[in-house]
Amino acid sequence: MSNSLLSDLAGALVSGRVQMVDLTNTLSPDFPVIVLPPEFGQCAPFRMEKVSRYDENGPAWYWNNISMNEHTGTHFDAPAHWVTGKDVPSNTVDAIPAREFMAPAVVIDISAESAVDPDFVVTREFLTKWEVEFGRIPPRHWIALRTDWYKRVGTADYVNMQEDGAHSPGPDASAVEFMVHERDCIGLAVETVGTDAGQAMHFNPPLPAHSILHGNGRFGLQCLTNLDKLPTFGAMIIACPLKIEGGSGSPLRVVAMIEGKNV
Ligand code: MN
């Protein structure tokens, strides 16, 4: 039978055998954005201005004007976001081929380590030990770091800014090199405000996730929620950034398909 693969998927969605998990935080003016040192330009938060709501400005319709940075809220980082990716082909959100917008995920749980140490650093050694226990990271997967950081949204512990900068977990250069060059990841997906650790400005090289991922044409997903609802292997992530001309990234709705246990 032709088209049986997608027909099977449609049936599984109807029956609940395949379920959708929303990995997206709600965009609101309160959602925190990354804060850079004061000498740099800053990321704008989400803004929403009512145009009309069944009133004199529009008696039968409700709509808002919105604005934000490309990297506000749950968002996608394109290779052009970083100087290392400035010459990568198809490096802006409007140019990325649509086939890249759906990809499987492997979820690496570092929530316990991150709870003990908010500056927990994922290294190549950590990942190779993880693979001995859980299995090899397959190619062209999102590597998702489950930190349970999303449970801090709405508190100061989310960005976790201290006098010496932000404190949140992330990978070092050895881990990102491993993900890209030895495991051919499609990108790195995190619940924290950036793919890099809060203190990664002090790493060598600085901000290794941004530098290495984007320099090699890989993507980032940040400010995700609900990674604890995904299996270690087997989730399919759908992440379609807005088609902003020349855009370096985009807020977006990110969802995951998982196979439900109850048919
Ligand atoms: Mn970003």
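What you are looking at is a predicted structure, and each value in this text was computed from that prediction instead of being measured. Each ligand, and each atom within it, is numbered from 1 in the order the structure gives. Here, residue 1 is the first one in the sequence, and each next residue gets the next number.
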(request) Assess Asp77: does it contribute an N, O or S atom lying under 2.8 Å from the Mn ion (ligand 1)? (result) yes
(request) Of all N, O or S atoms in His71, identify the one at the shortest distance from the Mn ion (ligand 1). (result) ND1
(message) Report the atom name of the nearest N/O/S atom of His75 relative to the Mn ion (ligand 1).
(response) NE2
(message) Tell me whether Arg53 forms a cation-pi arrangement with Tyr62, defined as NZ or CZ under 6.0 Å from the six-membered ring centre and within 45 degrees of its axis.
(response) yes
(request) Write out all pairs satisfying ring-ring contact (aromatic ring centres under 6.0 Å, His included) with one or both partners inside residues 178-202, taking only residues at least two apart or from two chains. (result) none
(request) Decide if the gap between the ring center of Phe76 and the ring center of Phe219 is smaller than 6.0 angstrom. (result) yes
(message) Angle between ring planes, His81 versus His214, binned at 30° and 60°: parallel, tilted or perpendicular?
(response) perpendicular
